[in-house]
Amino acid sequence: MENINIPKLAGMARIKVADDAKIAESLSGILSYVDQVTSLSGSTNPVSVHQNTAREDVVSPASKETHDLLLASFPEKEGPYLRVPKVL
Amino acid sequence: MIDLTTLTIKKAHQAMKNGDFDAVDLAQAYLDEIERKNGTIYAYIEVYGDVIEQAKKADKMFKDGIATELTGIPMALKDNMLRQGFTMSSSSKILENYKATYNGTVVRLLEEQGAVFLGRTNMDEFAMGSSTENSAYKATKNPIDITKVPGGSSGGSAAAVAMNGALVALGSDTGGSIRQPASFCGLVGFKPTYGTVSRYGLTAMASSLDQIGPLAKNIEDAEILWKAIEKYDPMEATSFKTEERIFSKQKTMKIGVPKDWFTDEGLDDDIKKSFKDACDEFEKNGYEIMNVALPISKHSLAIYYIIQPAEVSSNMARLDGVRYGVRKEGTTLLDLYENSRGEGLGAEVRRRILLGTFTLSHGHYDAYYAQAMKATELVKEEFEKIFTLCDAVITPTSPFPPFEFGERMANPLSMYMSDLFTVPANIAGIPALSVPFGVDSKKLPIGIQLMGPNFSDSRLFELGRILTKE
């Protein structure tokens with residue numbers, strides 16, 4: 001099993017992690033377990049591919065209750081606007 | 001005094017119809033029981049403040065002559081189902097104060113029938129775990145033996161019903177999260193056919209595997225609750241239309257035993273015995289027990305630990321501290337993401353996000369994710385073939401009985417093994433039922449699992465009744 005670069009992985013996942021070595025060890029353990037999947041083979045003749053069915057893309061206004069709850073869930077806001085740190 | 005120990009939905013309905021007690025009396029009886037026991041068991045994270053108000057509405061439905069079998073029935077919701085205006089935390093710090101902005105479909109359907117929601121139950125954070133120890137708050141105890149875990153991730157829902165703190169409960173099952181806690185707490189737990197109960201308003205863990213289902217003390221109650229929520233929903237992209245839900249297969253009177261699956265990790269001796277007794281019970285009832293070959297499905301747990309973390313890593317991306325949930329400031333937007341997710345999410349959730357990010361990353365995708373998707377098709381094909389020979393496949397629900405707190409926390413793989421027998425049904429998308437059958441030498445409950453072909457949900461209840469003798 002190759003070495004897993006935890007800081008790189010954590011960066012891609014946008015997560016701050018502290019215990020790199022411990023995480024690497026547990027991930028390696030799980031990856032060696034799931035490795036058995038790589039040897040599975042057989043004819044693939046999809047039997048029951050369950051497709052996602054999309055709805056019509058129609059805008060419908062939210063109720064006032066929903067609207068108020070959405071606004072109330074903003075971690076930080078200014079009036080009815082969501083406040084975020086500077087993007088650029 | 002209402003005897004909550006032996007109460008069923010039908011009995012409660014009849015009593016409310018006759019006027020022996022009303023919905024408010026019944027709700028109060030459950031609230032009192034929760035008050036007595038929740039401090040020790042911690043089945044509920046929160047008891048809703050409007051329980052009596054809901055019960056009054058139910059009483060009015062009785063008075064108006066529009067009550068159904070579920071009107072006034074007190075039930076528990078797993079803390080990953082949206083009820084508008086009420087907190088839904090998925091037992092995570094990051095959603096500690098999050099209030100649902102809309103009703104999930106199951107909540108809406110049950111509310112229309114006048115069901116009474118008692119509260120939201122504890123779970124492993126974002127449903128990732130098999131013991132409820134991964135809750136960001138507190139671990140739930142098994143009401144049958146408080147030194148043992150109740151199973152998970154729907155451990156709070158199972159404990160709520162087992163401690164007489166709810167008549168029935170809803171859980172969600174991605175790899176065994178309804179069936180394994182049902183087995184650990186001596187209950188019936190059911191994972192319906194994928195796509196038959198709407199996931200709209202259920203916090204997504206691994207969307208291609210998640211399914212909502214009931215936990216109850218007997219098959220009758222589980223079936224009534226299931227029937228109320230098994231509906232086509234245009235708000236859910238994988239919901240089967242009513243006319244697609246057809247099952248008309250002739251009975252073979254045969255039950256399959258997947259011999260290949262029993263060679264992995266040692267099976268507990270008491271569970272082995274109960275399993276044999278269960279097979280004997282079917283034989284006594286005129287069924288033939290036959291060995292069936294499911295060699296690819298034997299690898300389902302490995303397939304699962306590729307697909308599920310991959311879907312977790314994408315589903316959890318929305319939890320970034322920007323629009324809702326806990327926000328931990330940083331100097332840049334990137335810091336804000338990393339800090340909010342780093343502090344708001346627990347160790348197991350972070351582990352699965354990282355694992356999924358790894359298997360989906362450039363250079364690893366084909367070896368892991370693409371290969372696992374191919375294997376999923378092979379599993380489905382294999383089950384479809386087997387179900388031409390038998391009515392159901394039988395296994396124990398869990399390879400081991402309820403375990404001690406902390407016993408499996410240090411080694412994630414030993415925890416994942418809880419789902420060895422339950423995960424194949426999620427990979428195949430098929431329905432699976434766990435029924436209590438016997439106890440081990442320490443008097444801890446043992447569960448037996450029955451899996452059937454797609455849409456054979458009703459038949460599984462029928463087969464399960466052979467074991468529960470209902």
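A note on names: the letters A, B, ... follow the listed sequences, proteins ahead of strands, and every chain is numbered from 1. Only a predicted model underlies this, so the values are computations on that prediction, with no experimental measurement involved.
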Let's test your reading of the structure: which of [options] forms the most heavy-atom pairs below 4.5 Å with chain A?
options	result
B:R351, B:E338, B:E343	B:E338
B:I296, B:D335, B:L301	B:L301
B:G330, B:P234, B:A367, B:P412	B:P234
B:T332, B:I353, B:I306	B:I306

For the residue pair [Y] / [X], report whether a side-chain donor-acceptor contact shorter than 3.5 Å exists.
X	Y	value
B:S89	B:E96	no
B:S92	B:E125	yes
B:T238	B:R199	yes

I'd like to know if B:E348 and B:R352 make a salt bridge, using a cut-off of under 4.0 Å between side-chain N and carboxylate O. yes
Salt-bridge contact B:D233-B:K241 (side-chain N to carboxylate O under 4.0 Å): no
Which region of [X], side chain (C-beta onward) or backbone (N, CA, C, O), has a non-hydrogen atom less than 4.5 Å from a non-hydrogen atom of chain A, or is it both or neither?
X	value
B:Y102	neither
B:L336	side chain
B:S313	neither
B:Y416	side chain
B:S361	side chain
B:L355	both
B:A100	backbone
B:M316	neither

Could you pull out the closest heavy-atom pair between [X] and [Y], with the gap in Å?
X	Y	result
B:A310	B:T359	CB-OG1, 4.3 Å
B:L354	A:A10	CD2-CA, 3.7 Å
B:S414	B:R408	O-NH1, 3.1 Å
B:L294	B:D260	N-OD2, 2.8 Å

What residue in [options] has the most heavy-atom pairs under 4.5 Å with chain B?
options	answer
A:I23, A:D19, A:L70	A:L70
A:N5, A:V34, A:L82	A:V34
A:E76, A:M12, A:K77	A:E76

Rounded at 0.5 Å granularity, tell me how far CD in B:E329 sits from CG in B:N339. 9.0 Å
Determine whether [X] and [Y] make a side-chain contact, defined as any pair of heavy atoms from C-beta on separated by less than 4.5 Å.
X	Y	value
A:I15	B:T357	no
B:V107	B:L82	no
B:T87	B:N97	no

Can you tell me which residue among B:E384, B:M451, B:K380 is in a side-chain contact (heavy atoms from CB on, under 4.5 Å) with B:I430? B:M451
Chain B contact via A:V17 - side chain, backbone, both or neither, heavy atoms under 4.5 Å: side chain
Sorted by number, residues from residues 53-63 of chain A in contact with chain B (heavy atoms, under 4.5 Å): A:T53, A:R55
